[in-house]
Visitor: 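This structure is in structure tokens; I'll ask about it shortly.
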Amino acid sequence: MAQSSMTVKKKKRRINAVSIPTEIVINIIMILFCLLCVVPFIFVIIISFTSEESIAQIGYSFIPQGWSLDAYKYAFEMGYSLWRSYFNSFFITVVGTVLSVLVCILYSYALFRRDFKYRRFFTFFSFFTMLFGGGLVPTYIVCKQLLGLSDNYAAVIVPLMVNPFNIIVMRTFFQSSVPEELIEAAAIDGSGEYNTLFKIIIPISKPGIATIGLLNALAYWNEWYTPMLYIRDKIHIPLQYLLMQLQRNMEYLAKNSAAMGADAIKAASEMPTQSLRMVLVVLVVVPIACAYPFFQRYIVAGLTIGSVKG
Amino acid sequence: MSKTITKPAKAMKKSGTMTAKRKKTLMLLTMVAPGAIWLILLRYLPMVGIVMAFQDYKIYTKDPTFLNNLTHSAFVGLKNFKFLFATSDTWVMIRNTLGYNALFIVLGLVISVTFAIMLNEITHKFVAKTYQTLMFFPYFLSWVVASYFVQAFLDPTRGLLVNLMESWGMTPIDFYNDCGPWPFILTLCNIWKNTGYSAILYLAAITGIDASQYEAASIDGASKWQQIKYVTLPHLKTMIIILFIMNIGKIFCADFGLFFNVPLQSGPLYPVTQVVDTYVYRAMMTTQNYGMSTAAGLLQNLIGFICIMVANTIVRKIEPDSALF
Amino acid sequence: MRKKKLLSLALAAMMVTGLLTGCSSTTDTTSSSSSSDDTSTESTTVEETSTEDASGTTASGLDISEHVTLKWYLHGSNVTDDSAVMEKVNEYLGEKLNVTLEPIWGTWGDFDEGSTLAINGGDNIDIYFTCSWSADEYNQYAKRGAWVRLDNPENNLIEQYGSDVWAALPDVLKEGALTDGVDGYGVYAVPGFKDFGTQNTWDVNVTLLEELGYTLEDVENRSYYEFGELLQAAKDAKGDDFYPLNVEAMVLERMVTNSVIVNGDSGTCNVLSYYIDPEDVSKDIGSTIVNKFGTEEYKKFVEQTREYYLAGYIDPALANAQTANDTLMQKQKSAQYLIGTQSYALGYEVQTSAERGIEVAYVPCTPPYVDKTSTQGAMMAISTASQNPERAMAFLNLLNTDSYLMTLLEYGVEGIHYNLNDDGLVVFTEERDNYTPWRNGMGNITLLPAQEGEGKDFFTDVFIPYYSSAKGIPAFGYVFDPTNVETELAALANVAGQYALALDAGAMDPETALPEFLQKLDDAGMQSVVDEANRQLEEYLATQE
């Protein structure tokens with residue numbers, strides 16, 4: 001049914017679509033904003049192809065004086081460690097996203113249920129942790145010494161698994177898209193709680209779930225701080241941390257150069273170049289940008305997704 | 001949303017006995033369990049460490065485990081909080097933190113809701129998808145990388161904007177030494193980075209709206225504007241309020257990278273870029289005192305907590321369905 | 001039925017998580033010795049071994065009958081594969097001390113967070129790198145109880161197991177290691193024998209200088225205040241985009257005003273100054289510590305720098321903390337400068353001339369001198385969390401006196417990471433890229449064979465004489481203890497961050513900014529910090545007489 005209505009819309013404008021001038025204005029605003037968003041990335045790509053001499057001469061520029069592939073060559077010569085960290089990032093993101101979405105759905109669905117006896121308690125229980133935490137040292141102790149999260153994939157996945165913000169957002173999605181009559185009806189039909197959730201609620205909550213999934217995937221993909229704390233070997237390093245390592249090495253030497261003196265200058269002169277850092281940014285961004293449309297399929301389905309008919 | 005929600009209690013009575021009710025609670029508890037266990041282990045357990053805020057934290061040399069260190073460290077009262085108020089610039093950093101956050105919350109909300117609605121109105125879904133993908137790009141770039149980009153425009157010698165001003169015969173602004181334009185630049189950067197992210201939350205909520213509601217409204221002769229006003233916005237209300245409350249909780253915490261990296265840590269800009277987080281960071285670089293950083297964090301959270309409780313209470317009075325808890 | 005299915009689903013999910021941890025820890029144990037599998041070693045570092053050790057004690061009377069794993073946290077390394085090295089190291093150490101070494105290769109970027117978390121959280125790491133500039137600052141953490149006092153009268157580890165390394169170290173380093181820690185005034189770490197002298201120099205692009213019709217003498221005979229003519233000549237010749245004065249502003253300030261860092265002062269932004277005589281660094285010119293920014297010298301310096309800045313001699317990028325160092329290095333590498341600043345290390349002329357493709361000369365501002373900060377540049381401390389401080393000391397003793405072990409750990413395995421050329425000098429292979437510890441961050445570098453380009457007897461003929469000639473500054477042993485004024489220092493660091501760099505680089509107008517700056521320093525409690533520092537200095541001087 002959805003398909004047939006789609007084909008109709010392609011020929012004719014939707015009945016209640018905005019007027020054509022309005023839509024043009026909307027498009028212009030969108031295009032301008034999108035340019036603002038994309039140009040910096042193009043800028044990054046340009047820097048990644050800029051020769052070192054040009055950066056030394058005129059700094060970062062949209063029109064460099066010279067081009068070079070050296071940084072890419074250098075990056076690909078990193079070989080194993082680069083590909084390994086690529087794999088790690090993928091693995092961590094996929095497994096982490098699946099697990100965290102699952103936990104988030106379960107938790108927020110219970111919070112969504114008005115007839116859940118401890119609803120308010122558990123809402124507060126998760127929300128409270130959004131504000132208060134024990135700080136770095138105690139969290140580190142619990143993760144490392146108590147849970148053994150050190151030098152393994154779990155060390156990157158577990159610390160990010162639950163996010164109170166996502167739980168509350170997911171609960172709000174349920175509130176705004178799932179009619180409670182549906183749950184009642186299912187209960188009357190004798191459907192168990194898990195059955196109702198997985199067979200009835202989840203299929204109609206796809207936009208919300210896809211959104212939470214996307215946010216989780218992004219969080220996992222972008223994470224570098226957790227691996228910095230818990231990963232000391234070279235086998236489990238994700239890509240984003242590999243990038244941050246270079247960045248932080250530079251910053252550290254800059255910060256301490258006055259105290260370190262000759263040592264810092266010598267060490268800094270062995271650091272990778274500016275353009276290499278941009279190459280790594282490109283390598284980090286491209287895969288996740290490619291994965292984005294996958295989630296988007298569910299999010300921007302727009303009005304074409306029929307909601308539940310009571 | 002229709003107001004005809006039947007109270008679940010009715011269904012309960014129908015389905016029967018106390019055991020069924022208890023069974024349901026039990027099942028729902030098993031759903032909460034994985035998350036709750038995680039929260040206990042990774043969030044509540046470490047809260048023991050909050051006492052560090054009131055301690056002169058020392059390592060217990062005989063058996064230096066964390067708990068031993070905690071129990072053997074001396075309490076110093078509120079000493080660790082003092083550094084936040086030890087300078088004549090305390091007011092500046094509080095003003096900046098609260099001011100920017102208030103601005104970001106309001107502007108962010110208006111812009112992302114507008115963008116979400118606009119995206120939803122675009123006829124060609126492919127175009128809308130493309131816009132949305134592109135809008136998300138800034139989210140992938142760290143503030144450090146963003147700062148290079150900003151610098152390409154503002155650099156005093158080679159910046160594009162500076163060159164442009166020169167070619168127009170204007171005296172170029174020395175951006176990294178002139179506080180004037182920075183509130184504007186920082187706000188722009190914030191919108192640039194976060195709009196794509198929050199618009200998607202609202203867009204997903206809009207997507208959940210039953211199409212028949214629009215059709216019904218349209219048949220009743222409602223204009224597009226009226227449809228937005230009477231169908232879309234009421235539907236988004238819960239999401240708007242929830243996100244608003246949650247942002248209020250972070251009112252005393254600033255986006256560190258935005259205020260630290262984007263102005264290139266330039267000293268002369270401190271009057272408009274110094275926020276609580278940057279102040280604490282710079283203080284920590286000097287003292288390496290965990291008690292002090294814990295104290296600062298605790299204060300930030302406490303203020304956020306109070307703000308949230310106030311906001312939530314107000315919301316619960318007016319709009320009980322949208323309250324956070 | 002359905003519920004059962006779901007339950008098994010949940011179980012499966014849990015098993016997946018379980019598998020993740022399980023599976024990765026097995027890869028750990030099978031991979032290399034570098035991957036520290038904490039879960040298994042956390043509870044017991046001392047492992048029972050079979051009674052194959054017949055001897056059981058070393059020459060120094062250390063009981064080595066039990067096998068021990070030592071964890072060692074290093075700084076600044078770039079190591080991706082240490083398996084070949086560690087295999088040999090552990091074979092050797094197993095024989096000598098019945099020890100397995102597990103290095104943790106901290107990098108520049110993660111050491112500060114990693115080490116301080118490990119120390120404060122009580123991780124069972126035996127030996128930490130420490131120094132006067134990293135986050136696990138030697139003096140501060142000695143006071144907080146992180147390090148074992150090595151010359152503790154009740155259990156003198158140095159005397160018992162570290163006499164060899166102690167005999168091998170120059171006196172100035174031993175004195176530099178003295179600090180007021182949790183167990184009294186003494187030694188809390190073994191200092192590394194590295195380039196411990198400080199000498200600030202003008203980094204001169206001789207090629208350009210001669211192009212402009214000047215000679216090196218023109219720089220040598222001028223003070224900073226007379227550089228204007230040279231800089232203008234370069235600016236005229238090279239155009240608007242050329243900034244002849246390529247400086248690290250904070251270092252420049254110390255060079256021009258002849259001040260030294262006060263050990264224990266607020267890390268990145270120093271607020272205290274101690275002045276020395278540029279001709280004779282050890283001469284006592286009245287030991288007091290002052291507010292660096294309140295002096296006449298400072299005022300004169302920032303006014304001159306402002307003039308140079310406005311004349312376009314200094315790149316504005318050098319005035320932002322974030323871009324300063326990148327810019328500085330790029331300009332050095334591409335030789336886009338006339339005069340710069342450099343903290344000198346031996347052999348730099350040759351190295352940098354080759355790198356930059358110009359003739360570089362370094363014109364010293366003072367003879368090399370030794371202060372507390374430079375002697376604490378790289379040290380190894382034994383953690384109070386260590387279960388085996390005796391064995392750790394014995395290891396440090398061996399490392400700093402045994403050329404084979406030091407070379408192995410530092411340069412890697414001969415034939416894999418480096419080769420010796422016909423003159424017996426070290427030439428690195430490509431494999432070295434996967435194993436590059438920080439040379440100065442390990443220990444006694446004079447044990448190492450010289451590298452190609454350094455010359456055969458580099459350490460004995462050049463290195464040791466140069467650094468032995470370095471004299472200590474007056475009040476050399478003084479360490480400022482910031483404990484009582486931490487609150488003030490935290491606020492001062494922020495005030496100094498706002499003004500110091502911008503003033504030192506000339507980006508701020510001292511006419512208006514300097515009085516404002518001084519006022520804010522005052523508000524933040526500058527005077528009480530200076531008073532506290534001087535009180536401690538007087539106390540120290542009293543004990544010296």
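Here is the naming used below: chain letters follow the sequence lines, and residue numbers restart at 1 for every chain. Only a predicted model underlies this, so the values are computations on that prediction, with no experimental measurement involved. The figures that follow rest on heavy atoms only: side chains count, while hydrogens, waters and symmetry mates do not.
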Visitor: Under a 4.5 Å cutoff for heavy-atom pairs, which residue among C:N200, C:D110, C:N78 has the most contacts with chain A?
Guide: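 Greatest number of close heavy-atom pairs with chain A: C:D110.
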Visitor: Given heavy-atom pairs under 4.5 angstrom as the criterion, report whether the side chain, backbone, both or neither of C:Y243 touches chain A.
Guide: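 Looking at C:Y243, nothing touches chain A.
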Visitor: Is atom CG of C:D240 surrounded by more than 12 heavy atoms (other residues, nucleotides or ligands) closer than 6.0 Å?
Guide: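 Atom CG in C:D240 is not crowded, with 12 or fewer foreign heavy atoms closer than 6.0 Å.
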Visitor: At a 4.5 Å cut-off on heavy atoms, which part of C:T352 comes close to chain A: side chain, backbone, both, or neither?
Guide: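 Neither; nothing under 4.5 Å.
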Visitor: Using the side-chain contact (heavy atoms from CB on, under 4.5 Å) rule, take C:D81 and A:K234 through it: C-alpha gap first, then chi angles, then the decisive distance, then the call.
Guide: CA-CA 8 Å; C:D81 180 12; A:K234 305 287 166 188; over 6 Å; no
Visitor: Could I get the full list of side-chain hydrogen bond (donor to acceptor under 3.5 Å, both in side chains) partners for C:D203, not counting sequence neighbours?
Guide: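 Listed in chain order: C:Y337, C:R356.
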Visitor: Tell me, side chain or backbone of A:L229 under 4.5 Å from chain C's heavy atoms, or both, or neither?
Guide: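 When you check distances to chain C, only side chain atoms of A:L229 fall under 4.5 Å.
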Visitor: If I measure from the heavy atoms of chain A, does C:D433 come under 4.5 Å with its side chain, its backbone, both, or neither?
Guide: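 Neither the backbone nor the side chain of C:D433 comes within 4.5 Å of chain A.
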Visitor: Measure C:N120 against the heavy atoms of chain A and call it side chain, backbone, both or neither at under 4.5 Å.
Guide: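 It is both, since atoms from each part get that close.
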Visitor: Between C:S334 and chain A, with a heavy-atom cut-off of 4.5 Å, which part of the residue counts as in contact: side chain, backbone, both or neither?
Guide: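 Contact with chain A involves the side chain of C:S334 alone.
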Visitor: Let me confirm one number: the OH-CG distance from A:Y230 to C:L117, rounded to the nearest 0.5 Å.
Guide: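 Those atoms lie 8.0 Å apart.
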Visitor: Quick one: closest heavy-atom pair of C:W108 and A:Y252, and the distance?
Guide: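 The pair with the smallest heavy-atom distance is O-CG, 3.2 Å.
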Visitor: Name the region of C:A118, side chain, backbone, both or neither, that has any atom closer than 4.5 Å to a heavy atom of chain A.
Guide: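 Contact with chain A involves both backbone and side-chain atoms of C:A118.
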Visitor: My understanding is that only residues two or more places apart in sequence, or in another chain, count here; which of them pass salt bridge (charged side-chain N to carboxylate O under 4.0 Å, His left out) with C:E113?
Guide: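 Here the qualifying residues are A:R248.
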Visitor: In Å, rounded to the nearest 0.5 Å, how long is the span from OH of A:Y140 to CG of C:D123?
Guide: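 Going from OH on A:Y140 over to CG on C:D123, the span is 3.5 Å.
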